[in-house]
Enquirer: 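The following block contains the structure, expressed as structure tokens.
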Amino acid sequence: MTVSFPAAARRSPDGVRDRRRALSGTALRSLRAAAAIAASVGIALAIVAAPAPAPADAATGAPDAGSLSVAVAPAGNGVVTTTVVSVAVAVSNTGDAAAASGTVSIALSRSPLTTSAELTAWLDARTPADTAVASVPVTAVAARGTATATAAVDLGTLGALAPGVYPLSAAYSSPSTGAQPLVAHSVLTVPDAASAGSGVGVVVPITAPPTTTGLLSADDLKALTADDGALRTQLNAVTGTPAILAVDPAIPAAIRVLGSTAPASARQWLADLLALPNSRFALQFGDADLATQVAAGLPSPLSVSSLDPFMSARNFTSTAAAAGAGASPTATPAPDGRTLPTLAQLLDVGAARTDVFWPATGSATAAVVSALKSAAPSTDAADPAPITLVGTDALTGAVGARADAAGAGVLAYDDGASSALRTASLASDPVHQGAGLAAASAYASLATRGAAASAPLLVVVDRATGRSATGLRAAITAASSLAGRTPWDLNALLAAPAASVSVTGGTADDPTRVDALRDLLDQETRVAAFATVLADPTLLTAPNRAEILQLMGNVWRAAPDQFATALSDHRDATTTTLGSVAIVPPSDITLLASSAPLTFSVRNDLPWPVTLTLSATPNDPRLIVQKTADVSAGAAQSTRVQVPVQARVGSGESTLDLQLRSSAGVEIGPRVRVAISVRAEWESVGIVVMSVLIGAMLVLGIVRTARKMRRRRIAAATAAHNPQTEDVDG
């Protein structure tokens with residue numbers, strides 16, 4: 001978005017919004033649903049348990065046991081620092097009838113869990129631990145309500161517990177649960193005071209909700225950066241924390257392209273983001289799905305080449321205005337003397353690395369890691385090699401945060417701890433949040449066993465929508481001290497020694513998403529060919545590429561139905577664009593002369609002028625036509641063009657094929673065939689008739705003139721022979 005185009009060819013923000021509206025329709029409704037779905041997907045950790053439903057007691061109005069659930073969370077994120085541990089329990093009732101009061105029994109196992117796999121199995125189990133350590137009453141649970149209780153567990157009664165992760169359970173019994181109690185699982189982590197913890201890195205994404213437009217609109221930005229908006233919530237949560245930020249560059253670009261018209265809240269949000277001292281890296285534009293791009297066979301990740309069509313020079317009346325929108329004071333001067341920011345300035349997210357890739361969780365297979373290894377080639381040997389974030393579940397080998405997989409640089413994040421942190425960040429109450437944080441502490445304590453003692457740990461608070469600033473901040477704060485570690489920034493993690501690993505896991509990408517991307521790229525090819533009708537094809541191609549990247553955003557993975565709707569809307573919008581320039585089908589033509597110009601109409605629905613060539617091909621050698629005619633159609637209007645035609649016969653039937661082509665020779669619109677009836681003999685007949693009529697009129701004129709002159713001579717002669725009569729009369 002650096003170059004300023006002539007007024008007739010430059011795309012204005014209104015033009016961009018017109019295409020957005022073409023994409024919107026049903027998709028706008030799908031976005032809201034997608035956000036709600038994505039928000040609920042992450043709360044999946046097995047901390048809440050419920051047995052098979054039991055029938056309701058119709059006589060007493062007791063709730064169905066299936067509507068009851070229990071959660072348990074030890075205090076202090078599950079890390080034991082004293083002999084007496086506070087354990088909170090929450091019993092939730094989603095039914096329409098109140099549940100009777102009951103009792104919760106807290107139990108602990110003295111046999112520690114030694115691997116992450118054992119920890120996951122325990123959290124998914126439904127049996128209580130073997131040693132009861134406390135019991136606490138729980139009041140009646142109101143319909144669609146929650147009752148909480150807190151128990152004090154004295155670990156001193158169990159004797160000294162060695163450092164490790166210990167299974168913890170809470171079993172809730174009441175008349176409403178029947179004979180089978182509800183059991184929830186958590187863990188206690190006893191830290192090893194003798195072990196010296198290394199560093200921990202915490203990656204947090206800064207991303208927007210799903211969108212089908214190339215860039216967020218001013219209204220979108222105003223809502224998202226308001227005090228209760230999703231982007232402001234994320235920024236507030238990371239402010240003052242050591243989180244490593246993974247920023248979608250499409251967000252600052254959306255703010256900067258608006259120049260002086262950007263909402264004040266959005267400009268402030270961008271200024272706050274750039275002012276944060278946190279280390280960071282840039283995600284793909286729109287947080288586009290890397291694994292899908294690799295599976296589709298692309299040689300390198302897609303990117304935007306220009307965002308010029310989203311800008312209007314009138315919004316950048318001075319260098320100061322451009323800088324106020326987050327652009328550099330060295331923006332490129334436009335021909336009219338005003339300045340527009342460059343693409344690099346638009347996409348700037350602060351002091352960030354652009355060679356770090358973060359595929360969606362679980363999608364980083366060996367093929368993906370290998371492809372991304374050379375995704376950002378450089379001719380400068382001093383430039384750092386690309387790095388890919390990969391979950392430890394996909395790796396084989398003892399690993400800390402820094403690893404090497406067959407020459408590919410890897411940052412390995414612990415899947416278990418990261419999943420638990422995501423769950424905690426999405427929790428809506430303290431007990432569920434505490435359960436997630438306790439699980440994260442346990443996973444972290446087991447994460448790097450077998451690796452070097454100095455190996456750092458990496459966790460991510462994964463992508464999600466709908467979480468609060470409080471929940472996200474609590475997860476980041478807890479993650480920053482997992483297993484007694486100290487927070488590290490991105491550069492420190494990358495400087496750590498790399499352990500050798502193999503990528504043996506990861507899930508092959510969904511074929512539906514791969515097919516969707518291939519279809520989008522096929523549409524893009526057709527749009528690029530069609531765009532050659534414009535003086536500047538990027539007016540169409542640049543927004544289209546931005547839309548494709550937004551549609552391939554990782555956030556759509558959580559909403560497949562809404563994703564399908566968005567793809568359908570984009571396909572319809574592309575069809576509309578490709579049909580926006582065409583020949584208006586003419587009626588059959590009767591040619592009443594041996595030669596005459598035929599007039600045709602070319603329709604241009606685009607908001608910019610187009611330049612075309614109209615080709616005319618006769619299907620009968622008896623017609624001679626001018627083969628091509630230049631067409632310059634103004635924006636949003638129809639233009640008439642004449643094609644000279646000559647008939648070699650006096651009468652007959654023929655056809656003429658019409659086709660529009662761009663300056664690059666690309667066929668535009670469908671071929672149109674027009675029927676022509678030649679009646680050239682009528683020209684000769686008409687000439688004869690006209691000649692006869694003209695001749696008759698001349699004869700009549702001569703006769704009338706002769707008669708008039710004769711009458712005058714007679715009158716003159718009569719007067720000469722009778723002079724007396726003239727005197728008498730006088």
Side-chain angles (χ1 to χ4, degrees), residues 41-42 44 116-117 120 203 205 207 246 281-303 354-377 385-419 422 443 447 451 458-460 462-464 493-494 498-521 548-549 551-558 560 563:
V41 169
S116 295
T120 300
V203 176
T207 56
F281 63 90
L283 294 168
Q284 305 314 110
F285 186 94
D287 191 23
D289 189 343
L290 290 163
T292 298
Q293 296 176 60
V294 172
L298 299 183
S300 60
L302 297 173
S303 61
T354 58
D355 58 344
V356 178
F357 300 101
W358 185 8
T361 297
S363 68
T365 61
V368 171
V369 173
S370 177
L372 295 178
K373 176 175 65 174
S374 57
I387 300 293
T388 303
L389 271 68
V390 183
T392 51
D393 286 352
L395 302 175
T396 299
V399 60
R402 187 70 172 91
D404 179 274
V410 169
L411 279 177
Y413 59 89
D414 186 77
D415 280 295
S418 298
S419 177
R422 184 178 189 274
Y443 277 113
L458 177 64
V459 294
V460 300
D462 211 349
R463 304 166 174 95
L493 291 173
L494 293 174
S500 180
V501 298
S502 299
V503 183
T504 56
T507 304
D509 205 59
D510 182 359
T512 302
R513 291 182 60 82
V514 176
D515 291 342
L517 176 56
R518 287 173 175 160
D519 183 52
L520 289 170
L521 294 176
I548 290 174
L549 288 167
L551 284 170
M552 294 313 299
N554 286 301
V555 69
W556 288 102
R557 282 177 168 266
F563 178 58

Enquirer: Give me each pair satisfying salt bridge (Lys or Arg N to Asp or Glu O under 4.0 Å) with a member in residues 498-509, each pair once, sequence neighbours excluded.
Expert: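 For residues 498-509: Asp509-Arg557.
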
Enquirer: Just checking, is any N or O donor in the side chain of Asp287 or Thr207 under 3.5 Å from an acceptor N or O on the other one?
Expert: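 The criterion, which ignores hydrogens and geometry beyond distance, is not satisfied for Thr207 and Asp287.
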
Enquirer: Is the closest side-chain heavy-atom distance between Leu290 and Gln284 below 4.5 Å?
Expert: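 A side-chain contact exists here, since the closest heavy-atom pair is under 4.5 Å.
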
Enquirer: Nearest 0.5 Å, please: how far is CE in Met552 from CG in Leu520?
Expert: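 Reported to 0.5 Å precision, the distance equals 7.0 Å.
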
Enquirer: Among all residues two or more places apart in sequence or in another chain, which pass the side chain to side chain contact (heavy atoms under 4.5 Å, CB included) test with Ala408?
Expert: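 Counting only residues at least two positions away or on another chain, Ala408 forms a side chain to side chain contact (heavy atoms under 4.5 Å, CB included) with Val369, Lys373.
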
Enquirer: Among residues at least two apart in sequence or on other chains, which ones pass side-chain hydrogen bond (donor to acceptor under 3.5 Å, both in side chains) with Thr504?
Expert: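 For Thr504 the side-chain hydrogen bond (donor to acceptor under 3.5 Å, both in side chains) partners, ignoring immediate neighbours, are Thr396.
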
Enquirer: Can you name the closest pair of heavy atoms from Ser363 and Ala360 and give their distance?
Expert: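 Closest pair (atom of Ser363, atom of Ala360, distance): OG-O, 2.6 Å.
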
Enquirer: Are any of the side-chain heavy atoms of Gln293 and Leu372 separated by less than 4.5 Å?
Expert: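 A side-chain contact under 4.5 Å is absent here.
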
Enquirer: Looking at every heavy atom in both Ala296 and Val514, which two are closest together, and how far apart are they?
Expert: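 In terms of heavy atoms, the two residues are closest at CA-CG1, 3.9 Å.
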
Enquirer: Is the shortest heavy-atom distance from the side chain of Leu517 to the side chain of Leu302 under 4.5 Å?
Expert: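 In short, these two side chains touch, coming nearer than 4.5 Å.
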
Enquirer: Distance from Leu411 atom CG to Leu494 atom CG, nearest 0.5 Å?
Expert: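 Taking CG in Leu411 and CG in Leu494, the distance rounds to 5.0 Å.
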
Enquirer: Would a 4.5 Å heavy-atom cut-off, applied to side chains only, mark Thr361 and Tyr413 as touching?
Expert: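 Yes. Closest side-chain heavy atoms under 4.5 Å.
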
Enquirer: If I compare all heavy atoms of Ala508 with all of Thr365, which pair ends up nearest, and what's the gap?
Expert: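 Reported closest heavy-atom pair: N-CG2, 4.1 Å.
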
Enquirer: Taking C-beta and beyond as the side chain, do Leu395 and Val503 meet within less than 4.5 Å on heavy atoms?
Expert: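 Leu395 vs Val503: side chains touch.
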
Enquirer: Restricting to non-hydrogen atoms, name the atom on Leu493 and the atom on Ala401 that form the minimum distance, rounded to 0.1 Å.
Expert: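 Closest approach of Leu493 to Ala401: CD2-CB, 3.9 Å.
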
Enquirer: Carefully, step by step, assess Arg402 and Ile387 under the rule side-chain contact (heavy atoms from CB on, under 4.5 Å).
Expert: CA-CA 10 Å; Arg402 187 70 172 91; Ile387 300 293; 3.8 Å; yes

Enquirer: What's the spacing between Trp556 CH2 and Arg513 CZ if we round to 0.5 Å?
Expert: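 Nearest 0.5 Å value for the CH2-CZ distance: 10.0 Å.
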
Enquirer: Could you verify whether a donor N or O on one side chain and an acceptor N or O on the other, from Tyr443 and Thr120, lie under 3.5 Å apart?
Expert: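 A donor-acceptor contact under 3.5 Å links the two side chains.
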
Enquirer: Can you name the closest pair of heavy atoms from Ala417 and Val459 and give their distance?
Expert: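 Heavy atoms only, the tightest pair is CB-CG1, 3.8 Å.
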
Enquirer: Please work out whether the ring planes of Trp358 and Phe281 are parallel, tilted or perpendicular, with thresholds of 30° and 60°.
Expert: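 Perpendicular: the ring planes of Trp358 and Phe281 meet at over 60°.
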
Enquirer: What I'd like to find out is whether the side chain of Leu458 reaches to under 4.5 Å of the side chain of Ser418, using heavy atoms alone.
Expert: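 Not touching, per the 4.5 Å side-chain cut-off.
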
Enquirer: Any donor-acceptor pair under 3.5 Å linking the side chain of Asp415 with the backbone of Thr392?
Expert: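 At least one qualifying donor-acceptor pair exists.
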
Enquirer: Are Pro359 and Thr388 side-chain neighbours, meaning at least one heavy-atom pair lies under 4.5 Å?
Expert: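 Yes; the side chains approach each other to less than 4.5 Å.
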
Enquirer: Does some side-chain heavy atom of Asp515 sit less than 4.5 Å from a side-chain heavy atom of Arg518?
Expert: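 Yes. Closest side-chain heavy atoms under 4.5 Å.
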
